[in-house]
Enquirer: 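Dumping the structure here so I can ask a few things about it.
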Amino acid sequence: MQSLTTTSRGPDLTNGATFDVVNPATGEVFAQAPACSPEQLDASVRAADKAFRTWQLDEAYRRERLGAAADALDAHADQIGKVLTAEQGKPLAEAVADVHRSADWFRYYRDLELEPEFHEETRDGYVEVVRRPLGVVAGIVPWNQPMLLAAWKAAPALRAGNTIILKPSPYTPLTALAVADVLKSVFPPGVFTVLTGPSPLGDKLAAHPLVRKISFTGSTEVGKKVAAAAAPDLKRVTLELGGNDAAIVLEDADPAAIAGDLFWAAFKNNGQMCALIKRLYVPARRYNDYVEAIAEVARTARVGDGMSDGVQLGPLTTAAQLAWIKELADESLARGAVPAAGGNPIDGNGYFFEPTVLTNVTDGDRIVDEEQFGPILPIMAYRDEDDAIARANASNYGLGGSVWGTDIDHALTVARRLDSGQASVNNHTRGIRPHLPFGGFKWSGIGVENGRWGYEAYTQLQTLAAPPRQAQNNRADNERS
Ligand code: NAD
């Protein structure tokens, strides 16, 4: 059994208390992670607050350190990727790619050139508008994407001059600990800290008086609690929450040509990603063609332990997630849904579920209306484009969406009508890039991450105003002469 007990340089977190970490491919406990006590949490936040005083002062140094962090992540991608697969389940190649993509985020924020906000020097006076960091940031992340989402928070927060305490999900604490280990020689003590522990560590971190900003990614239910916890202290919040993304396939698309892309835009990471296709609307005339073509990809996808060569889909990450997916599938089948592929858990101790394509489902069914977050795709026929758009938008969520067709201009016209933070054409995640804003409408969140907009979310504006500097200079000159 592996035991990881130290995190970043900073307060000693080795009081001995630990909690179990399970490998979802086997269902067995394979490691222990440190369970941070309330005293250690307090000491860590205080250390981060102390580090903030100097870290905020030297932007050139911060940029240089972000570059060093990117290099360190790249150099240790294989090692961190193995930890990620072991605790989260995704295929090793995807896990290693996540680490390299995370390095891209650090490099993007190292290189981001920022124009001065406002600068004015007139006979009336001197004015400058600047962006100041906020202080200690709590970065709280979920189990589905523990590496990349940590980088989405840490890179802009640190570039802006904040310090960060990262709190991963108790289901996937080891990736963040491995990152902290790799970055411990990159950042000064207290600048980048990882704290792990079971609930209610997140609640306590969010409520700590020295935390000035909470950047939260997770469920809508918990996001609302985080917003409420932040309110009494007026902490700033960015909330990246749930999604139930729709994809609309237009009449001019070709089922054989796009079935594979549609499948992977729904099933990557076993559907356990916020911005993936969760419900698919296709033209009634071609309904059977789409169902058959996508079901064929589902039937041939290779499911297994993410550590094994050639595996395309690993297990679900937690036993609770498997139970939830089984509940939704069983309920749909009992209500008359017909599986074109899959429909059942896969026998064994790991948390595996067959890639499942469901027909005879409709809006109003829980499998369509709720965020299922698993390897099930309900496919529905639409009457006309207005019908498809109305049904895609009839959701409390509004994270991502996509439109598929050969006439790109027309597809863009439809995409513009989707009520979602991301609306892509012929690919569901085309807009997820370091320089583009990512966020959700409605219950999918508040604020955005990435790009300069994501950076600005870790800052506050300050207006510096002074009398004319020329007058002062003239006075000084007069006094000297
Ligand atoms: P979750 O909301 O249960 O937990 C997220 C994180 O919050 C975990 O670290 C958890 O320990 C912590 N937490 C739990 N209660 C807390 C509290 N009261 N205060 C502070 N922190 C608390 O989510 P999950 O089950 O880990 O992840 C799946 C969810 O995340 C899905 O809803 C998915 O859509 C969402 N998600 C959203 C995005 C996005 O960018 N919008 C990205 C990935 C995942």
Side-chain angles (χ1 to χ4, degrees), residues 19 21 24 33 35-36 41 87-88 90 98 138-153 165-176 194-208 211 213-231 235 237-245 268-278 316-325 370-374 395-401 420-422 429 431-432 436-450 454 457:
F19 62 101
V21 187
C36 173
L41 168 66
E87 66 176 1
Q88 198 273 342
K90 63 172 59 185
D98 276 2
I140 301 177
V141 293
W143 46 259
N144 69 305
Q145 199 67 297
M147 177 69 242
L148 203 53
L149 295 176
W152 283 22
K153 298 186 186 318
I165 307 250
L166 187 68
K167 195 213 79 68
S169 164
Y171 294 111
T172 54
L174 304 179
T175 303
V194 170
L195 296 180
T196 59
S199 190
L201 180 61
D203 313 42
K204 289 194 181 322
L205 175 61
H208 196 289
V211 168
K213 156 118 191 170
I214 306 164
S215 180
F216 174 85
T217 301
S219 62
T220 295
E221 187 190 352
V222 174
K224 290 178 182 176
K225 288 186 194 161
V226 168
K235 294 183 198 327
V237 288
T238 298
L239 302 175
E240 296 287 357
L241 309 179
N244 191 16
D245 294 7
K268 188 165 189 231
N269 200 16
N270 256 317
Q272 301 174 121
M273 266 153 71
C274 51
L276 288 180
I277 301 174
K278 303 285 169 41
L316 292 166
T317 301
T318 71
Q321 193 63 14
L322 178 64
W324 163 245
I325 290 303
E370 298 201 11
E371 184 190 32
Q372 31 114 346
F373 218 59
S395 170
N396 282 328
Y397 298 108
L399 192 59
S420 55
Q422 309 265 302
T429 51
I432 303 186
L436 300 176
F438 180 90
F441 288 15
K442 302 184 268 184
W443 282 12
S444 290
I446 293 178
V448 297
E449 297 194 284
N450 303 338

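We count ligands from 1, going down the list as the structure has it; atoms in each ligand are counted the same way. Numbers for residues simply follow the sequence, beginning at 1.
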Enquirer: May I ask you to identify the nearest protein heavy atom to atom 2 (O) of ligand 1, giving residue, atom name and distance to one decimal place in Å?
Expert: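 Checking every protein heavy atom, the shortest distance to atom 2 (O) of ligand 1 gives Ser219 OG, 2.6 Å.
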Enquirer: Please tell me if atom 24 (P) of ligand 1 is touched by the protein, where touching means a protein heavy-atom distance below 4.0 Å.
Expert: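 Yes; the ligand atom in question has protein heavy-atom contact below 4.0 Å.
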Enquirer: Looking at CD of Glu240 and CD1 of Ile140, how far apart are the two atoms once the value is rounded to the nearest 0.5 Å?
Expert: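 Going from the CD atom of Glu240 to the CD1 atom of Ile140 covers 13.5 Å.
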Enquirer: Could you find the nearest protein heavy atom to atom 35 (C) of ligand 1 and give me its residue, atom name and distance?
Expert: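 Ranking protein heavy atoms by distance from atom 35 (C) of ligand 1, first comes Gly218 O, 3.1 Å.
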Enquirer: Using side chain to side chain contact (heavy atoms under 4.5 Å, CB included), reason through Phe441 and Leu399 one step at a time and then give a plain yes or no.
Expert: CA-CA 6 Å; Phe441 288 15; Leu399 192 59; over 6 Å; no
Enquirer: With a 3.5 Å cut-off and sequence neighbours excluded, list the donor-acceptor pairs that the side chains of residues 215-223 form with protein atoms.
Expert:
unit_1 : atom_1 : unit_2 : atom_2 : d
Ser215 : OG     : Lys153 : NZ     : 3.1
Ser215 : OG     : Tyr458 : OH     : 2.9
Thr217 : OG1    : Lys153 : NZ     : 2.7
Ser219 : OG     : Val222 : N      : 3.2
Thr220 : OG1    : Gly242 : N      : 3.2
Thr220 : OG1    : Trp443 : O      : 2.9

Enquirer: Could an N or O of ligand 1 be found under 3.5 Å from any N or O of Leu399, whether backbone or side chain?
Expert: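 N/O-N/O distance under 3.5 Å: no.
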Enquirer: Applying a strict 4.0 Å limit to heavy atoms, is Pro168 in contact with ligand 1?
Expert: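 Heavy atoms of Pro168 do come under 4.0 Å of ligand 1.
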Enquirer: Tell me, with the steps shown, if Asn144 and Thr317 meet side chain to side chain contact (heavy atoms under 4.5 Å, CB included).
Expert: CA-CA 7 Å; Asn144 69 305; Thr317 301; 5.9 Å; no
Enquirer: Within the structure, is a non-hydrogen atom of Thr220 found at a distance of less than 4.0 Å from ligand 1?
Expert: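 Per 4.0 Å heavy-atom rule, Thr220 does not contact ligand 1.
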Enquirer: As an exercise, identify every atom of ligand 1 less than 4.0 angstrom from a heavy atom of Leu241.
Expert: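 Matching atoms, with element in brackets: 34 (O), 37 (C), 38 (C), 39 (C), 41 (N).
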Enquirer: Within ligand 1, which atoms have a heavy atom of Leu149 less than 4.0 Å away?
Expert: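 Answer for ligand 1: 42 (C), 43 (C).
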Enquirer: Against heavy atoms of Trp143, which atoms of ligand 1 measure under 4.0 Å?
Expert: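 Those atoms are 24 (P), 25 (O), 26 (O), 27 (O).
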Enquirer: Specify the protein heavy atom at minimum distance from atom 28 (C) of ligand 1: its residue, its atom name, and the distance to 0.1 Å.
Expert: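 The protein heavy atom lying closest is Phe373 CE2, 3.8 Å.
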Enquirer: Run the numbers on Asp98 and Lys90 for salt bridge (charged side-chain N to carboxylate O under 4.0 Å, His left out), then give the verdict.
Expert: CA-CA 10 Å; Asp98 276 2; Lys90 63 172 59 185; 2.5 Å; yes
Enquirer: Which one holds for Phe438 and ligand 1: side chain close, backbone close, both close, or neither close, with close meaning a heavy atom under 4.0 Å?
Expert: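 Under 4.0 Å from ligand 1, Phe438 contributes side-chain atoms alone.
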Enquirer: Which atoms from ligand 1 have a heavy atom of Asn144 less than 4.0 Å away?
Expert: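 Going through ligand 1 atom by atom, the ones under 4.0 Å from Asn144 are 43 (C), 44 (C).
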Enquirer: Please could you name the atoms of ligand 1 that Val226 approaches to less than 4.0 Å, counting only its heavy atoms?
Expert: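 Every atom of ligand 1 under 4.0 Å from some heavy atom of Val226: 19 (N), 20 (C).
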Enquirer: Among all protein heavy atoms in this structure, tell me which lies nearest to atom 15 (N) of ligand 1, with the distance rounded to 0.1 Å.
Expert: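 Going by distance alone, atom 15 (N) of ligand 1 is nearest to Val222 CG1, 3.4 Å.
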Enquirer: Got a second to check how far Glu87's CD is from Ser169's OG, nearest 0.5 Å?
Expert: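 Going from CD on Glu87 over to OG on Ser169, the span is 8.5 Å.
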Enquirer: What is the closest protein heavy atom to atom 32 (O) of ligand 1, and at what distance does it sit?
Expert: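 Atom 32 (O) of ligand 1 sits closest to the protein heavy atom Glu371 OE1, 2.8 Å.
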Enquirer: To the closest 0.5 Å, what do you measure between CD (Gln321) and OH (Tyr171)?
Expert: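 OH of Tyr171 is found 9.5 Å from CD of Gln321.
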Enquirer: So Val448 and Thr238, side chain to side chain contact (heavy atoms under 4.5 Å, CB included) or not? Walk me through it.
Expert: CA-CA 7 Å; Val448 297; Thr238 298; over 6 Å; no
Enquirer: Going from SG on Cys36 to CD1 on Ile165, what distance comes out if it is rounded to the nearest 0.5 angstrom?
Expert: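 It comes to 8.5 Å.
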Enquirer: Main chain of Ala457, side chain of Lys213: is a donor-acceptor contact present, judged purely on distance under 3.5 Å?
Expert: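 Here the side-chain-to-backbone pair exists.
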Enquirer: So, Asn269 versus Gln88: side-chain donor-acceptor pair below 3.5 Å or not?
Expert: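 There is such a pair between these side chains.
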Enquirer: First locate atom CG of Asn396, then atom CG of Leu241, and finally report the distance between them rounded to the nearest 0.5 Å.
Expert: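 It is 12.0 Å, given to the nearest 0.5 Å.
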Enquirer: Centres of the Trp152 and Phe438 rings: under 6.0 Å?
Expert: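 Trp152 vs Phe438: aromatic centres under 6.0 Å.
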Enquirer: I'd like to know if Lys167 contacts ligand 1, where contact means a heavy-atom distance under 4.0 Å to any ligand atom.
Expert: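 The answer is yes: ligand 1 sits under 4.0 Å from a heavy atom of Lys167.
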Enquirer: Pairs of nitrogen or oxygen atoms closer than 3.5 Å, one from Lys225 and one from ligand 1: do any exist?
Expert: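 Looking only at distances, the answer is no, because the N/O contact criterion of under 3.5 Å is not met.
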Enquirer: Strictly distance-based, threshold 3.5 Å: is any side-chain N or O of Lys235 a donor or acceptor partner for the main-chain N or O of Val211?
Expert: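 Side chain of Lys235 to backbone of Val211: a pair is present.
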Enquirer: Under a 4.0 angstrom heavy-atom cut-off, which atoms of ligand 1 come close to Val141?
Expert: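 Listed by number with element: 6 (C), 8 (C), 9 (O).
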Enquirer: Note the single closest protein heavy atom to atom 27 (O) of ligand 1, along with its residue, its atom name and the distance in Å.
Expert: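 Result for atom 27 (O) of ligand 1: Pro142 CB, 3.1 Å.
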Enquirer: Would you say Asp203 and ligand 1 have an N/O pair spaced under 3.5 Å apart?
Expert: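 It does: an N or O of Asp203 is found under 3.5 Å from an N or O of ligand 1.
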Enquirer: Please round to the nearest 0.5 Å and tell me the distance separating atom OG of Ser395 and atom NZ of Lys442.
Expert: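 Separation between the atoms: 5.5 Å.
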Enquirer: Heavy atoms only: which of Leu148, Thr217, Ile214 lies closest to atom 5 (C) of ligand 1?
Expert: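 When every heavy atom of Leu148, Thr217, Ile214 is considered, Thr217 comes closest to atom 5 (C) of ligand 1.
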Enquirer: Considering only the protein, which heavy-atom contact is closest to atom 42 (C) of ligand 1, and what is its distance?
Expert: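 Ranking protein heavy atoms by distance from atom 42 (C) of ligand 1, first comes Cys274 SG, 2.8 Å.
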Enquirer: Which bit of Met273 is near ligand 1, meaning a heavy atom under 4.0 Å away: side chain, backbone, both or neither?
Expert: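 For Met273, there is no contact with ligand 1 at all, from either part.
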Enquirer: Can you name the atoms of ligand 1, numbered from 1 with element, that are less than 4.0 Å from a heavy atom of Pro170?
Expert: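 In order of numbering, the contacting atoms are 11 (O).
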Enquirer: Which of the atoms in ligand 1, numbered in the order shown and given with their element, are less than 4.0 Å from a heavy-atom of Phe216?
Expert: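 That gives atoms 2 (O), 5 (C), 6 (C), 7 (O) of ligand 1.
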Enquirer: Could you check atom 12 (C) of ligand 1 against the protein and tell me its nearest heavy-atom contact, residue, atom and distance included?
Expert: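 Of every protein heavy atom, Ile140 CG2, 3.7 Å lies nearest to atom 12 (C) of ligand 1.
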